[in-house]
There are 2 protein chains.
Amino acid sequence: MLNILLKGGDVLCADGQIRQTDIAVSGSVITQLGRIDEPAEQIIDCRDKLIIPGFVNTHTHAAMTLFRSYADDMMLMDWLQKKIWPAEENLTAEDIYWGTQLAIAEMLKTGTTCFADMYFFMPEVARAVAESGIRAVLARGMAGIAPTANQALAESENFYNEWHNAANGRITVMLGPHAPYTCPPDFIKKVTALATKLGAQIHIHLSETAGEVADCQKQYGKSPIALMNELGIFDHGALAAHCVHLSPEDIAIMKEKQVRVAHNPGSNMKLASGVAPVPDLLAAGICVSLGTDGAASNNNSDMLEELRLAALLHKVHRLDPLAIPAKTAVDMATVQGAAALGLDTITGKLATFYKADITIFDRQEPHWHPRHDSLSLLTYAASSRDVHTVIVDGNILLDNRRLTTIDEERLLAETDRRGMRLVNK
Amino acid sequence: MLNILLKGGDVLCADGQIRQTDIAVSGSVITQLGRIDEPAEQIIDCRDKLIIPGFVNTHTHAAMTLFRSYADDMMLMDWLQKKIWPAEENLTAEDIYWGTQLAIAEMLKTGTTCFADMYFFMPEVARAVAESGIRAVLARGMAGIAPTANQALAESENFYNEWHNAANGRITVMLGPHAPYTCPPDFIKKVTALATKLGAQIHIHLSETAGEVADCQKQYGKSPIALMNELGIFDHGALAAHCVHLSPEDIAIMKEKQVRVAHNPGSNMKLASGVAPVPDLLAAGICVSLGTDGAASNNNSDMLEELRLAALLHKVHRLDPLAIPAKTAVDMATVQGAAALGLDTITGKLATFYKADITIFDRQEPHWHPRHDSLSLLTYAASSRDVHTVIVDGNILLDNRRLTTIDEERLLAETDRRGMRLVNK
């Protein structure tokens, strides 16, 4: 017997077309699309609903939800030095668990089924992922200039060995050298040596601000992309967050080394980092996915908002209303997200034998009417609050807007208390 | 006895501070703020809720909801000539009523209590406004180059006489010359003569695209702003939509003539019109409000989205994270909106003897936690779907997320049917 049968929904199929079809789920995977009349343990009536692959959030620092709304509308260095870094000093392992769980609650309620995280106390992050049922790609953030640099390397290795492919394969682990400006070449070499030893991929911040690119040019005579390429960081499979300030040479390197980009339009706009050359990256055939970044710089974990910002920002920046059309934006948030995380053989599309990572939108609200084009409605009109049901790895984690694996009331009480403590020490 | 008592909410007060206070409503106005223990016909428990002045949407074409998702990701002239204008030819008076009602339903559900509209069949728009209970400033759009130009003038005069200050004062009427590129100087002179005769204010599109400004320079040797100033359009009180492409001289004229701006970031981004110099306008002391524009170019009627886009877009465009901070964005969406519509003595703030135009946000969802700063949360993290209750002119129009004056089921059936008919003729 099937575990779950999604009956009668409008489905965004792997060929990019939306058509009415049923979807069968057995165990963790989609076993059939088409007209299905087999019995199932659970049948979900999806008439009038839109079914898409779950959103993939390819760059965040989930536990930073605890700093949401603590410090906004500030210059980057003031924000980091006077507010965020001192508050982060107070974080405990338990804080990380609860802050991550808060981000996961938000993500599930807004249709995200997989996320890539870079932070610390990562076993606590993995515990939150394992318990909640979401899929995640986790990296222990490492700053080579910090006194804890070697400890971070050791923790990364232990974390990889303990958690890579854990939780029914829902968790994979990458190495997370924070950025070229916090990781000098000698440290990057240690990271690539560890990546080679483990067979691990890399998650890194690259070329987020003009200042960091200028500093890198001054110090090393080359761009962060060129420097990292020279140090071999792209030889292991690399996920590069931001990539705002790129030269044509940088883009050529990224294409050659198949660097996958996590574009964070909301964070780049709010922190005034600049506008990433996404149309150029896409034209070069580079994989561009979307991330929310941490909630201190966004300030939520809503991938539909990022999808919409990506579709809107590049149009006005290039003065081209055809830049990043609806379908491209949806792809960036789904199938390209899976590719960016090296998971495109198992998730990111609704197809047979893919993992059942599925988001179902209710289309009752006025903004879904009239319904000339559902992908346009999703991209330009919908609300992430229209998300009705979310399935990850074959399990229903959001059921008619209610979280099934997270005690939301306790979660909010814990995170309110911890958030206040962190900034009032 | 009081009509409505809002008890225990966190209120965005007229001084810009958020503090816990009760609000009393009698008839159409707020009669008291503070600790209130009088009896009331209806007491709303607002503990843990955020209460703000209702959003004021200062530029839309409400009935264009019927074309939502019909034509996107196109060049402006293709979009107008091949899609929107032919479909608009099919619009009937009844279509306008239902399309407007759809926009009003969206607006009320997302916290907007007042909007400024420019379209045609305006008595139908007024009927929708009167029946729904929302507040509106209505203008019959007039294109001087159209064969119906003189008819539009006559309709505008009749409409003004019939509806200005109607519906308990909820409806006011402006004159709506569409734009300099559709209204030659001779026609503009007729409009200003009518404005003088009626004492009516003006709602007009100005300097939305670079092309229209260049054409105006070529044809008249001056900018649209300078041309309209010369023709006296700013001498009656003017609401100017878009104002994307402005010279320092334009800004000086606007300041001198107290032109009020309706900034439409979502529409300007999606149509790739450009980025309005909002920080410069604000620095010059010009009133800048926010509008959604019509749903064919947005594609929804969500003012919280515009507020957020305004806060994000100008930061990245100016590379200044301090551009348009949260409080400024909220002001643009509320008190500046009222000022832009000439209604700032009656609405736009929560103060004694102001109209009870009030939006109440629920703060249960994870994205409202932890709660370091509620204005930041509203601006950067909240969803318009957190709107719980909306009061206009002392009447509860949205009650715990349910519309009280609009039959939503019938509305959606009507607009679906009409939307499909319009594009399939």
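Chain A is the first sequence line, chain B the second, and so forth, proteins listed ahead of strands; every chain is numbered from 1.
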Pick whichever of [options] has the most heavy-atom pairs under 4.5 Å with chain B.
{"options": "Ser376(A), Ala311(A), Gly274(A), Ser383(A)", "value": "Ser376(A)"}
{"options": "Arg417(A), Glu409(A), Glu365(A), Lys109(A)", "value": "Glu365(A)"}
{"options": "Asp73(A), Thr415(A), Asn298(A), Asp302(A)", "value": "Asp73(A)"}

Name the member of Gly419(B), Ala71(B), Pro370(B) that forms the most heavy-atom pairs with chain A at distances under 4.5 Å.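 With the most close heavy-atom pairs to chain A, the winner is Pro370(B).
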Under a 4.5 Å cutoff for heavy-atom pairs, which residue among Arg385(B), Arg371(B), His317(B), Glu305(B) has the most contacts with chain A?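 The candidate making the most pairs under 4.5 Å is Arg385(B).
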Among Leu66(A), Leu412(A), Thr65(A), exactly one meets side-chain contact (heavy atoms from CB on, under 4.5 Å) together with His369(B). Which residue is that?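 Testing each of Leu66(A), Leu412(A), Thr65(A) against His369(B), the sole residue satisfying side-chain contact (heavy atoms from CB on, under 4.5 Å) is Leu412(A).
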Give, as side chain, backbone, both or neither, the part of Leu313(A) having an atom under 4.5 angstrom from any heavy atom of chain B.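 Both backbone and side chain of Leu313(A) come within 4.5 Å of chain B.
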Non-hydrogen side-chain atoms of Asp72(B) and Thr379(A) separated by less than 4.5 Å: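 Asp72(B) vs Thr379(A): side chains apart.
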State the CG-CG distance between Leu319(B) and Leu271(A), to the nearest 0.5 angstrom.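 It comes to 12.0 Å.
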Gap between atom NE2 of His367(B) and atom OG of Ser384(A) - 0.5 Å precision: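 Interatomic distance, Ser384(A) OG to His367(B) NE2, rounded to 0.5 Å: 7.5 Å.
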May I ask you to list the residues in residues 95-107 of chain B that approach chain A closer than 4.5 angstrom, counting heavy atoms only, ordered by number?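 Within residues 95-107 of chain B, near chain A: Leu102(B), Ala105(B), Glu106(B).
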Met269(A)/Arg308(B) under side chain to side chain contact (heavy atoms under 4.5 Å, CB included): CA gap, chis, key distance, verdict: CA-CA 11 Å; Met269(A) 293 174 83; Arg308(B) 186 163 305 156; over 6 Å; no
Please look at [X] and chain A and tell me whether the side chain, the backbone, both or neither of the residue comes under 4.5 angstrom of a heavy atom of that chain.
{"X": "Met74(B)", "value": "backbone"}
{"X": "Asp386(B)", "value": "both"}
{"X": "Leu375(B)", "value": "neither"}
{"X": "Leu377(B)", "value": "both"}
{"X": "Ser301(B)", "value": "neither"}

Chain B contact residues among residues 320-329 of chain A, heavy-atom distance under 4.5 Å: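 Expected list: Asp320(A), Pro321(A), Leu322(A), Pro325(A), Ala326(A).
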Over all heavy atoms of both residues, which pair between [X] and [Y] is shortest? Give the atoms and the distance, please.
{"X": "Lys270(A)", "Y": "Lys315(B)", "result": "O-CD, 3.2 Å"}
{"X": "Asp373(B)", "Y": "Ser69(A)", "result": "N-OG, 3.1 Å"}
{"X": "Val316(B)", "Y": "Asn268(A)", "result": "CG2-O, 3.7 Å"}
{"X": "Tyr380(B)", "Y": "Asn300(A)", "result": "O-ND2, 3.8 Å"}
{"X": "Glu408(B)", "Y": "Gln364(A)", "result": "OE2-O, 4.4 Å"}

Pairing residues for Arg363(B) by the side-chain hydrogen bond (donor to acceptor under 3.5 Å, both in side chains) criterion, not counting sequence neighbours: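 For Arg363(B), the residues satisfying side-chain hydrogen bond (donor to acceptor under 3.5 Å, both in side chains) (neighbours in sequence not counted) are Asp10(B), Ser374(B).
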Should we count CZ of Arg401(A) as having more than 12 external heavy atoms under 6.0 Å?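 More than 12 heavy atoms, drawn from other residues, nucleotides or ligands, come within 6.0 Å of this atom.
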Pairwise ring pair (Phe, Tyr, Trp, His ring centres under 6.0 Å) hits with a residue in residues 290-313 of chain A, at least two apart: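 Sorted pair list comes back empty.
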Under the criterion side chain to side chain contact (heavy atoms under 4.5 Å, CB included), I'd like the reasoning laid out for His372(A) against Met420(B): C-alpha separation, chi angles, the key distance, then a yes or no. CA-CA 7 Å; His372(A) 299 292; Met420(B) 293 306 145; 3.9 Å; yes
